[in-house]
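Contents: one structure, followed by commentary.
Note that ligands are numbered from 1 as they come in the structure, with each ligand's atoms numbered from 1 the same way.
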Amino acid sequence: MKVFITGGTGFVGRTLIESLSAERHRIVLLTRHPEKASFPENVEVIGGDPTEPGPWQEKAVLCEAAVNLAGASIFTRWSNRAKERILNSRVFTTQNLVDSFDRKKSRTKLLINASAVGFYGSRGDEELDETSPPGNDFLAGVTRDWEGEAEKAENYGVRVIRCRFGIVLGKHGGALATMVRPFRFGVGASFGSGKQWFSWIHERDLARILLFLIDKKDPAGPINAAAPHPVQNRELAKTIGRVLHRPVWPSVPGFVLKLYLGEFAESLLTGQKVLPKKLTRAGFRFEYPLLEEALQDLLGKNKGKE
Ligand SMILES: NC(=O)c1ccc[n+]([C@@H]2O[C@H](COP(=O)([O-])OP(=O)(O)OC[C@H]3O[C@@H](n4cnc5c(N)ncnc54)[C@H](OP(=O)(O)O)[C@@H]3O)[C@@H](O)[C@H]2O)c1
């Protein structure tokens, strides 16, 4: 199949492209910086800014499936300008991609739109599946608007999957590198109460989920792409410490995090317990359902399953 990808130069996109290539799919990748992109031969790199309409839209619709990953990083201090960039980069990209399906020659039948478990907002111990309503903080608002734009592709006969990623744990980049740094220096700790839930996914399982959704004919709507065993923040810190053989200190108080990180700290001090109900029901099998195994693979000495 020919798959169009926005944001494919990023952390998630690179692993996905490897997996798609291994399955012999052809890929058209849109990037704002084609001069920097180096990919295998089955990847056609095209230049363009997805937040603006452009000639790239003609190429997009020649693909049977589209995976929309583009978006400015949220891992930053949330100034008003940063918040605007986080929202607009996602909403405008999705609007332009969806607008491109309104062409007679469009061959696109499937849109997998990235979203995030942040959709559910801060929810204490509540178990959340795809039927749970959205939260009401900044990230919940961003994902709601982002998903709302993606849903409009249904008007053009496109099957739309709103794929709510957990925090993606991977070897090269993403949140894990930042999370483990203090542990490597021997000063790792949990945050705030330590009771907030952390819904995560191993990068290879996420790529496998995206391939599973491309291959299957029926899944649609929201899909939680998070491992079936989320953990509380305190357990997360203990597990990182155990895998790295490093001490774990008492929790960093919430006000200290807020001082350094501003509003972004809220996303570390609160969380959500998200379950992948639809994937489990559809028969998807996680290679890394448990955090300790995932971290052993990514950080431990026996990086076994590769
Ligand atoms: N990583 C996670 O833990 C996680 C969790 C939940 C949801 N997600 C979502 O999944 C998607 C992919 O995540 P990722 O970690 O792979 O992100 P990433 O590494 O930051 O890559 C995102 C890509 O989006 C493009 N991009 C960045 N800023 C942009 C802007 N202002 N306007 C338009 N395009 C821009 C870039 O592509 P070019 O520079 O090549 O154009 C970049 O490679 C993101 O939308 C993210 O919100 C990620």
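- Under a 4.0 Å criterion applied to the non-hydrogen atoms of A116, ligand 1 contributes the atoms 6 (C), 7 (C).
- For the pair F75 and ligand 1, the shortest N or O to N or O distance does not fall below 3.5 Å.
- Checked by distance only, ligand 1 and H33 stay at 3.5 Å or farther apart across all their nitrogen or oxygen atoms.
- Summarising the geometry, atom CG belonging to L110 is positioned 8.0 Å from atom CG belonging to L213; distances are rounded to the nearest 0.5 Å.
- Considering only non-hydrogen protein atoms, atom 21 (O) of ligand 1 sits nearest to G10 CA, 3.4 Å.
- Nearest to atom 11 (C) of ligand 1 by heavy-atom distance, out of N113, T143, I5, L69, is L69.
- To the nearest 0.5 Å, atoms CZ (R24) and CG (N42) are separated by 9.5 Å.
- For ligand 1 and I167, the ligand atoms under 4.0 Å from any heavy atom of the residue are 3 (O).
- Between L30 and ligand 1, not a single N/O pair is under 3.5 Å apart.
- Of all non-hydrogen atoms in N233 and F191, the two that sit nearest each other are OD1-N, 2.8 Å.
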Report, one line per pair, each donor and acceptor closer than 3.5 Å where one atom sits in a side chain of residues 250-264; sequence neighbours left out.
residue: S251; atom: OG; partner: S190; partner atom: O; Å: 3.4
residue: S251; atom: OG; partner: G192; partner atom: N; Å: 3.1
residue: S251; atom: OG; partner: G192; partner atom: O; Å: 2.5
residue: K258; atom: NZ; partner: E266; partner atom: OE2; Å: 3.3
residue: E263; atom: OE1; partner: K83; partner atom: NZ; Å: 2.6
residue: E263; atom: OE2; partner: K83; partner atom: NZ; Å: 3.4

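- Residue, atom and distance of the protein heavy atom nearest to atom 13 (O) of ligand 1 are V12 CG2, 3.8 Å.
- Given atom 8 (N) of ligand 1, the protein heavy atom at minimum distance is F165 CD1, 3.7 Å.
- Within ligand 1, the atoms closer than 4.0 Å to a non-hydrogen atom of W146 are 45 (O), 47 (O), numbered from 1 in the order shown.
- Protein heavy atom in closest approach to atom 30 (C) of ligand 1: R32 NH1, 3.4 Å.
- Q196 and T270 form no side-chain donor-acceptor contact under 3.5 Å, judged by distance and modelled atom types alone.
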Ring pair (Phe, Tyr, Trp, His ring centres under 6.0 Å) between F284 and F286, worked out: CA-CA 7 Å; F284 180 81; F286 287 82; 5.0 Å; yes

Trace of the salt bridge (charged side-chain N to carboxylate O under 4.0 Å, His left out) decision for E130 with K278: CA-CA 7 Å; E130 288 86 351; K278 279 170 91 172; 6.0 Å; no

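- Within the structure, ligand 1 lacks W200 among the residues with a heavy atom less than 4.0 angstrom away.
- The closest approach between a heavy atom of R164 and any atom of ligand 1 is not below 4.0 Å.
- The ligand atoms of ligand 1 that sit less than 4.0 angstrom from a heavy atom of T51 are 32 (N), 33 (C).
- Protein heavy atom nearest atom 7 (C) of ligand 1, with residue, atom name and distance: S115 O, 3.4 Å.
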Stepwise side-chain hydrogen bond (donor to acceptor under 3.5 Å, both in side chains) check, T239 with E292: CA-CA 6 Å; T239 313; E292 181 134 3; 4.9 Å; no

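- Residues I17 and F11 share a single hydrophobic cluster, defined by chaining ILVMFWY side chains whose heavy atoms lie under 4.5 Å apart.
- Side chains of R14 and F39 form a contact here, defined as non-hydrogen atoms less than 4.5 Å apart.
- Scanning the protein heavy atoms around atom 43 (O) of ligand 1, the nearest turns out to be T9 OG1, 2.8 Å.
- Distance remark: protein heavy atom not present below 4.0 angstrom from atom 17 (O) of ligand 1.
- In the vicinity of T31, heavy-atom distances shorter than 4.0 Å reach the ligand 1 atoms 38 (P), 40 (O), 41 (O).
- If you take CD on E151 and CG on L111, they are separated by 10.5 Å, rounding to the nearest 0.5 Å.
- Close approach to A70 involves these atoms of ligand 1, each under 4.0 Å from a residue heavy atom: 24 (O), 34 (N), 45 (O).
- Here is the list of ligand 1 atoms found below 4.0 Å of a heavy atom in G166: 5 (C), 6 (C).
- Residues I209 and Y288 are members of separate hydrophobic clusters, defined by side-chain heavy-atom contacts under 4.5 angstrom among Ile, Leu, Val, Met, Phe, Trp and Tyr.
- R164 and Y120 share a side-chain donor-acceptor pair at under 3.5 Å.
- Heavy atoms of G173 stay at 4.0 angstrom or farther from ligand 1.
- Among all non-hydrogen protein atoms, the one lying nearest atom 46 (C) of ligand 1 is R90 NH2, 3.7 Å.
- Considering backbone and side-chain N/O of G71, one or more are found under 3.5 Å from N/O of ligand 1.
- Under the salt bridge (Lys or Arg N to Asp or Glu O under 4.0 Å) criterion, E203 pairs with no residue, sequence neighbours left out.
- The contact set between ligand 1 and S89, taken as ligand atoms under 4.0 Å from a residue heavy atom, comprises 30 (C), 31 (N), 32 (N).
- Remark: minimum distance from atom 4 (C) of ligand 1 to any protein heavy atom is reached at V168 CG2, 3.8 Å.
- Residue V45 is not grouped with residue F4 when hydrophobic side chains (ILVMFWY) are merged at heavy-atom distances under 4.5 angstrom, including chains of intermediate members.
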